[in-house]
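Right, one structure below, let's go through it.
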Amino acid sequence: MKALPDLGPTRKLKLPKEAERTLPNGLTVIAIRRPAVPLVELRLRVPFARAHLARAALLSQTLFSGTAELSTVEIAAELQKVGGGLSAGVDPDRLMVSGNSLVTGLDRILELLGEVLSGAVYPSDEVATERDRLADRIQVAQSQPSHLARVALLRRMYGKHPYAVQTPEVPQVRAVRPAQLRALHAERLHPAGATLVLVGDLTPEKALDTAERVLGTWNGGGKQVDLPRTPPIEPGPLTLVDRPGSVQSSLRVALPAVERTHPDHAALQVANLLFGGYFSSRWVENIREDKGYTYGPHSVVEHNVAGSSFVAAAEVATEVTGPALLETYYELGRLACLAPKQEELDQARQYALGTLQLGMSTQAGLATLASTYAGFGLRLDYLPEYAAKLAATTLDEVAAAGAKYLAPARTAVVVLGDAERVEAPLRALTAVERA
Amino acid sequence: MERHTLDNGLRVVLAPDRSAPVIGVAVVYDVGIRSEPEGRTGFAHLFEHLMFQGSENLEKLAHFRHVQGSGGTFNGSTHLDYTDYYETLPANALERALFLEADRMRGPRLTEENLRNQVDVVKEEIRVNVLNRPYGGFPWLKLPPVMFDTFANAHDGYGSFDDLESATVADAAEFFKRYYASGNAVLAVAGDLDLAQTLELVQRHFGDVPARPAPERPSFTEPDLTAERRESYTDPLAPLPAVASAWRVPDPVSDFTAYLPYVVLAEVLTDGDASRLVERLVLRDRTVTTVGGYMGFMGEPWEVRDPTALLLQAHLPPGGDVDKVLRTVEEELDRLATDGLAEGELARTQARMATHLLRDTDAALNRALRMAVLEQQRGTPELLNDLPRLVGEVTEDQIRQAAAALVPQRRATSEVIAGGNQ
């Protein structure tokens, strides 16, 4: 037998060069140097909590639909000239503008962003076009099991909290008028509390100067809007959503979790990895590699501004829906009741540490990471802190996190599938309520 | 960038880049969907799964655990003309990654139990991606049988459940012996590495992989269409109509100069709100909700051989008129061929393409993957670095000629009739 080669010496996590400045209008700009390719990645995060769901969604699709000087097509063409592109999206926490361009186009892409932020006009024709497109997209999403399962899960997890509904209904979208978009923009699209991240082949201080020169005139003001903390996830009967004829069941399991700065965070991350957070986890090795019930099961700790949660997801064959849930309870229960092995901890820890390095190894990865962290008041220097916590996590701490957070008795479970075929096997395992 | 060939025929490409302490490792075998035998649709992909089920010195599950337990991520994927296996890890795991790839190049552990398990897994993969969702397999599985006549080019690369269930361990052993030969593979490593040391490690781990020559690769070419082909099918889950058309393009490898303008044309037509078809169909006429244009049925312009195609794909609003959309596309192609491009239109499209090409190669793994395939299909991994410049050299005349070639009588079209809730 040939022996597996040892790893070379571990290299310390090295943070890239960066600079940060908060402009007088309240915009925080973070510029990070990664010169591997002559490009720049851009992420602008603007707090958008409690914005009207349908209006916010349509605003994100029409932000680039014209200013007093430029049409949709002209904005797109001007961006393209410098190899650039920008797009916007919303979630219950923020509006995010993402894009990139050749690094020589940094000034220009910021200028165009600034023009849109200060002067988007939401022309009636363009709004009408995008309104129809958004309605069509939502209709298509509503035919996708992953979307339907997500909708049901959010409702089950969050009850009356604003996170419970994240996609508008088609009639709500159809009711949105351009004046409402202008009003929402005027009310909420302000630099206070917003963060602009620039990553690329740039000199950080110079990039800050450019951002200040171009975006320093984006008007201040606006108001801070906060969400209440998310309610605790209520355990209870499994929620069964009928999708007649479905050849697979979408299985979703939610559990409580903690934010990145919580003392239990690193241990919970490891416990999540052990359960289903990576391929070499108990759940994946069980229901995929041993039993062949499913293709891509995975679990993740999701962080939102108002609270964190653990979500496990698998699409399983209809005929093994009951058995798949049984194995899911079994693997959660095992983590909640029995201490894991040291080698499992070592393997998961190494994975968590290594993937931190990988996540920082591209401009786009760094930009998304820095922007996400900024949304939680964190900076890239959180990474070495987190790495140190992972390195120090003990078996007892992982076992305690398993018991505290991953107990099957605390789960909120949603199954979307052919109810006629899956309800009886599910009822053999737990109480079931039809959605 | 350095190229080597080991004594057993394995080709090696190494590309150091010290910008981040990570590496990407890719092994590409010259076998794909087009090479699978009749009666064994989906076999190339099923076999890809079997390459993760243990090998000469490794138990089942060991590969995953060793890669991830070294801080890395892994995957494999099956394409029309190749199958890749790859991992990206912190640079201190380089030797381990080479060991893992060399071990399965010597031979996977093919057992009845693992085969049955992975047939089940693949069936669930097909259910997730094709059977249980709207527009599953559209158009990459639906359009080839309209455009092509031979089994190699026309068949369903994910495979029928019947064929998958009929697969045997003996089939797998034969497939490995024939196609997974050292002489039929390329290894590429990119990232934070030392050239001399890496070459020595490659030699140490791959040097004793038994030498087997590459099998002869047949030509899969077919004659171009001389009359329009069009088919439609009802997708019971799809709420809105959709359509995709494809036109054959020049051989991407042997006639690269003639092929390149089509790659740029696809972007002139559909990249962003300032592109021809988005402006016309989405923003002005509102006859489609989205339109996209790309090269090859799996959307990989630089990683496919002949025969291949330029594809246009559109989703329509409720009750949308597919014929009208196709007529408008004809009109716009004709306008482009006749009147040419607007001032600056080509340059801005090329600038955006340069960004995409550079961005694609920021990650060490992506560089390794692309170089491996370029080496395998062309013997020119350095093309990776030349693509932004070459794309920038395409001229307006070439774009006009390419647009002029996309005529209806050379077109294959697949139409989705919405059968879902409307």
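Each chain gets a letter, A, B and so on, in the order the sequences are listed, and its residues count up from 1. Because the structure is predicted, anything quoted here is derived from the model rather than measured.
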inquiry  = Assess the residue pair B/Val67 and A/Tyr351 against the criterion (side-chain contact (heavy atoms from CB on, under 4.5 Å)); give the C-alpha distance rounded to whole Å, side-chain angles, the decisive distance to 0.1 Å, and a yes or no.
reply    = CA-CA 9 Å; B/Val67 174; A/Tyr351 177 75; over 6 Å; no
message = I'd like to know whether B/Met353 forms a side-chain contact (heavy atoms from CB on, under 4.5 Å) with A/Gln80, so could you lay out the CA-CA distance, the side-chain angles of the two residues, the decisive distance to 0.1 Å, and finally the verdict.
response = CA-CA 9 Å; B/Met353 290 181 76; A/Gln80 262 190 332; over 6 Å; no
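B/Arg359 and A/Glu41 are joined by a salt bridge, as a carboxylate oxygen and a charged side-chain nitrogen come within less than 4.0 angstrom of each other. The pair B/Asp120-A/Arg288 does not meet the salt-bridge criterion, since no charged nitrogen lies less than 4.0 angstrom from a carboxylate oxygen. Between A/Lys81 and B/Glu345 there is no salt bridge, since no side-chain N of the basic residue sits under 4.0 Å from a carboxylate O of the acidic one.
The distance from atom OG1 of B/Thr290 to atom CZ of A/Arg137, rounded to the nearest 0.5 Å, is 8.5 Å. One distance of note links CG of A/Asp201 with OG of B/Ser19; it measures 10.5 Å at 0.5 Å rounding. Here the CZ atom belonging to B/Arg133 is positioned 9.5 Å from the OG atom belonging to A/Ser143, to the nearest 0.5 angstrom. Atom CG in B/Leu365 sits 9.0 Å away from atom CG in A/Leu358 (nearest 0.5 Å). Distance check: B/Asp362 CG to A/Leu366 CG gives 9.0 Å after rounding to the nearest 0.5 Å. Atoms CG and CG, on B/Leu100 and A/Leu4 in that order, are 6.0 Å from each other to the nearest 0.5 Å.
A/Arg133 and B/Thr289 get closest at one heavy-atom pair: NE-O, 2.7 Å. Of all the heavy atoms in B/Val282 and A/Thr129, the pair that sits closest is O-CG2, 3.4 Å. Summarising the geometry of A/Gln139 relative to B/Pro318, their closest heavy-atom pair is OE1-CG, 4.1 Å, with the distance given to 0.1 Å.
The contact list for residues 272-283 of chain A toward chain B, using heavy atoms and a distance under 4.5 Å, reads A/Tyr278, A/Phe279, A/Ser280 by residue number. Contacts of residues 123-130 of chain B with chain A at a heavy-atom distance below 4.5 Å involve B/Glu124, B/Glu125, B/Arg127, B/Val128, listed in sequence order. Contacts of residues 289-296 of chain A with chain B at a heavy-atom distance below 4.5 Å involve A/Glu289, A/Asp290, A/Lys291, A/Gly292, A/Tyr293, A/Thr294, A/Tyr295, listed in sequence order.
When only modelled atom types and interatomic distance are considered, A/Ser246 and B/Asn132 share a side-chain donor-acceptor pair under 3.5 Å.
Only the backbone of A/Ser101 has a heavy atom closer than 4.5 Å to any heavy atom of chain B. Contact of A/Val316 with chain B is made through the backbone alone, with heavy-atom distances under 4.5 Å. If you measure heavy-atom distances from B/Gln53 to chain A, the contacts under 4.5 Å come from the side chain alone. With a 4.5 Å cut-off on non-hydrogen atoms, A/Glu130 touches chain B through its side chain but not through its backbone. In this structure, no portion of B/His356 lies under 4.5 Å from any heavy atom of chain A. Heavy atoms of A/Ala3 lying under 4.5 Å from chain B belong exclusively to its backbone. Looking at B/Asn366, neither its backbone nor its side chain comes within 4.5 Å of chain A, counting heavy atoms on both sides. Proximity to chain B involves both the backbone and the side chain of A/Leu7, based on heavy atoms less than 4.5 angstrom apart. For a residue to count as touching a neighbouring chain, one of its non-hydrogen atoms must lie under 4.5 Å from one of that chain's; by this rule A/Arg34 touches chain B with the side chain only.
A side-chain donor-acceptor contact under 3.5 Å links B/Arg96 to the backbone of A/Pro5. Using modelled atom types, no side-chain atom of B/Asp273 and backbone atom of A/Ala76 make a donor-acceptor pair closer than 3.5 Å.
Shown are A/Asn100, A/Leu102, A/Leu79; of these, the side chain to side chain contact (heavy atoms under 4.5 Å, CB included) with B/Arg352 is made only by A/Asn100.
Residues satisfying the ring-ring contact (aromatic ring centres under 6.0 Å, His included) test with A/Tyr386, not counting sequence neighbours, are A/His265, A/Tyr382.
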